[in-house]
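Step one of this worksheet: look at the structure below.
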Amino acid sequence: MSAETLSIKDVTKVFDLGDVQVHALRGVSFNVQQGEFIAVMGSSGSGKSTLMNILGCLDLPTSGDYLLDGVPVATLNRNRLADLRNEKIGFVFQGFNLLPRTTALENVELPLLYDRRQRIPQPRDSAIVALTRVGLGDRLHHHPNQLSGGQQQRVAIARALVNSPAIVLADEPSGNLDSRTTLEVLALFQQLNREGLTLVLVTHETDVSRYASRLVELRDGRICRDEPILVPRDAKADLAKLPAEEHL
Amino acid sequence: MKWRKLFLVAIKSIARNKMRSLLTMLGIIIGVGSVICLVALGQGSQKDIEGQVASLGTNLLIIRPGSSQLGGVHGGAGSLGTLKLKDVTALRNNASLLQAVSPEIRVQSQVVAGVRNWNTSIYGGDIEYLSIRNYQIASGRIFSARDLLVRAKVALLGQTVADQLFPGENPIGARIRIGNVPFQVIGVLASKGQSAMGSDQDDVILAPSTTVLYRLGDGKTLRSIVASASSSEQMDEAKAEVQQILRSAHRLSGEVEDDFRLRDQTEINQMATRVTGTLTLLLSAIAGVSLLVGGIGIMNIMLVSVTERTREIGIRLAIGARPRDVLAQFLIESATLSLCGGIIGIGVGLGGAAAGGQLLGISVVINPLVIALAVIFTGAVGIFFGFYPARKAANLNPIDALRYE
Ligand SMILES: Nc1ncnc2c1ncn2[C@@H]1O[C@H](COP(=O)(O)OP(=O)(O)OP(=O)(O)O)[C@@H](O)[C@H]1O
Ligand SMILES: [Mg+2]
């Protein structure tokens, strides 16, 4: 059995809006082992993003425990949390969240600006490598408003990968991509996953979830399904099967 | 943390809103500019005043006769003819703290040279008189001990007088008439310019004291005795000594008031310093107020900037910036903004000072200390007034910042 990277137990999240209280998570428990590729599904508003934010140490649960590599996240101060986000976690936001008026390259370099321990010695080169891996090697100096939605999403993915994190949390990374680019991104994810990266990926599409090794489904702030996918599809193979003329 | 990168980020975000940055800096620019300009002009004019004071003579002491007082009615200053040549001798013989002593006799008279004439002051003094009063010879020679002895009718012309009586000519050797007495010009004085009080120090003729006293004057009354003290530190001691010597020479007992008056240069200096002191205080007040106003402007714009860039801050925090990194980023930005304003202000101030100096005809003194202070202060203002907005940015919660609309 491999080590448990993430472990949450009875996690709830309540948003207090004054007159109403929104129960986004109503007691969620699950563990993520190192090297897993988890697809999180669920209808809109079921609490997927809320869960991801908690896993990404961006938000704290209202109640329940969250252990990251055995460390209770609730006990960490802001600086330690910042370091965790910088070194261990790559986060792909649902709404990209790129810096405007800043080139793709600089956006991808951004996490390395805060790489206090200089884990990555050549920030610029690493950023170029990350962008090339998502197929944007020719768009290094474009600003986000000069990129398509799918390209912006891929810049966001490159930014999540650039600090060689142990875990990548991706909130609908394929939402704006066509089927071919989706497959390319999935192939990249699968390859990184084989290299040891732990992946949690939120998706609406059942097709996308088939490439994961485990499927978790949320409904109304609770886990209603959690099962392994015994035979995940191979994105690289599927990519090869696509008709060549679709590639433009 | 990579300071160079942070600095570049700051420059970039300042450059992104050029107009806004410039307007924000305007307060600092005006404040620093006016202070730099006024200090340069103020110190320049102080230098001018000091020069003028020095041109009166070095460590100058002036002894004037006292004013007469008959039945409670005061005469004007010097209305008592109490100073005599023997007082000069007494001072020469007894004073240990004086370097040089000379009588000063003054006569106002019409001076004629050929077809030209001019009304001017004729000062009589001993040889020391020139050094005490800080006169230098431009051409020709000064009068000699023998000239003094024989009451020689020789004269040294001030530049103004020379220009009036001998325009474009060399006056040396020429004959002039002062009143009814013929004189020979033996030299021309170097120009001293205006005195601190604004009178033309070149509109004079110098001649031996004996000549002026006996040939032009009444033969006994001195206008004053001038002396230079040996050192500027011992002015007060020198004055006390002069007072004591003259009191005993005039046989003044215990309670009797002095029948002479003593003035020295330090009084004039003090006046000048008092003026500059007030000026400095005023300038500091302007500097303080303008830096305060400029600082508040910076704080205001930084708060706007933090609000505008809430999402950016959220992104930075989310990908691993520590609160202190965000704090540093915004502090550097506000300090840079303020510093840029300060540096532009220094440029504007120096330009203004140069122009103002030209216009008003006063010297401009560029004081590196003041410039260094301006740089330090504007930087400090940026950090001080940037702190609150920067801390506000650093304390944002990443997820709230990301959700900010
Ligand atoms: N900051 C917030 N304040 C108040 N309510 C919130 C907040 N964030 C989320 N919610 C609520 O929590 C619930 C879960 O939201 P969440 O964003 O996790 O949904 P989701 O599963 O990611 O949906 P989608 O698939 O549309 O992205 C929703 O009902 C939402 O309205
Ligand atoms: Mg969501």
Side-chain angles (χ1 to χ4, degrees), chain A residues 13 15 24 49-50 52-54 56-61 77-103 106-120 123-124 143-144 156 158-163 165 169 171, chain B residues 1-21 301 304-333 336 387 390-405:
Chain A
K13 181 74 189 180
F15 293 106
S49 295
T50 308
M52 294 295 266
N53 289 340
I54 290 172
C57 300
L58 290 168
D59 212 351
L60 291 173
N77 64 20
R78 282 168 64 97
N79 285 342
R80 288 292 303 126
L81 287 174
D83 294 352
L84 267 184
R85 290 195 292 268
N86 188 247
E87 293 174 10
K88 284 224 171 113
I89 300 169
F91 206 104
V92 184
F93 299 95
Q94 191 166 11
F96 325 144
N97 277 326
L98 299 177
L99 287 190
R101 292 171 300 229
T102 307
T103 64
E106 286 170 320
N107 261 295
V108 174
E109 249 188 290
L110 206 58
L112 304 179
L113 183 66
Y114 304 110
D115 173 21
R116 266 163 291 273
R117 285 199 268 151
Q118 314 264 321
R119 289 158 53 244
I120 288 127
R124 176 124 307 186
H143 288 183
R159 187 178 64 190
L161 297 177
V162 75
N163 55 344
L169 305 168
D171 201 350
Chain B
M1 197 57 212
K2 293 145 190 174
W3 290 102
R4 205 178 59 88
K5 280 242 169 96
L6 270 182
F7 190 70
L8 285 179
V9 169
I11 294 278
K12 229 170 109 180
S13 80
I14 289 170
R16 193 170 289 155
N17 286 308
K18 284 190 192 66
M19 196 60 193
R20 187 165 91 181
S21 304
I301 225 65
V304 171
S305 177
V306 166
T307 311
E308 270 181 2
R309 287 151 70 190
T310 303
R311 277 176 73 88
E312 175 194 327
I313 297 163
I315 293 168
R316 288 179 187 274
L317 290 169
I319 59 170
R322 286 186 174 192
R324 116 154 78 83
D325 296 329
V326 173
L327 185 85
Q329 179 187 335
F330 281 89
L331 276 186
I332 289 178
E333 201 170 310
T336 309
F387 192 78
R391 214 190 50 166
K392 203 177 154 201
N395 285 344
L396 284 174
N397 181 4
I399 201 74
D400 293 342
L402 281 173
R403 281 179 178 277
Y404 184 82
E405 304 281 280

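Both backbone and side-chain heavy atoms feed into the values below; hydrogens, waters and symmetry mates do not. These numbers were taken from a predicted model, which means no experiment stands behind them. Throughout, a chain's letter reflects where its sequence line sits, starting with A, and its residues are numbered from 1.
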- Note on the structure: So CG of A:D59 and CD1 of B:I399: to nearest 0.5 Å the spacing works out to 5.5 Å
- Would you give the length of the straight line joining atom CG of A:N53 to atom CZ of B:R403, rounded to the nearest 0.5 angstrom? 6.5 Å
- For chain A, which residues of residues 304-313 of chain B have heavy atoms nearer than 4.5 angstrom: B:R311, B:E312
List the atom of [X], the atom of [Y], and the distance in Å for their closest heavy-atom pair.
{"X": "B:A321", "Y": "A:A82", "result": "O-CB, 3.5 Å"}
{"X": "A:R85", "Y": "B:A318", "result": "CD-O, 3.1 Å"}
{"X": "A:N79", "Y": "B:P323", "result": "OD1-CD, 3.4 Å"}
{"X": "A:N86", "Y": "B:G320", "result": "CB-CA, 3.6 Å"}

- Task: List for me each residue that meets salt bridge (charged side-chain N to carboxylate O under 4.0 Å, His left out) alongside A:R117, sequence neighbours excluded, and say none if there are none.
- Result: A:E87
Part of [X] within contact of chain B (heavy atom distance under 4.5 Å):
{"X": "A:R159", "result": "side chain"}
{"X": "A:L98", "result": "backbone"}
{"X": "A:Q94", "result": "neither"}

- Task: Side chain from CB out, backbone as N, CA, C, O: work out which of these in B:A394 comes under 4.5 Å of a heavy atom of chain A, or both, or neither.
- Result: backbone
- Item | B:I315 versus chain A, the contacting section by heavy-atom distance below 4.5 Å | side chain
- Task: Specify which of B:N397, B:L396, B:V9 makes the most heavy-atom pairs with chain A at under 4.5 Å.
- Result: B:L396
- Item | Derivation and outcome, side chain to side chain contact (heavy atoms under 4.5 Å, CB included), residues B:D325 and A:R116 | CA-CA 10 Å; B:D325 296 329; A:R116 266 163 291 273; 2.6 Å; yes
- Message: Within a 6.0 Å radius of atom CZ on A:R78, are there more than 12 heavy atoms belonging to other residues, nucleotides or ligands?
- Response: yes
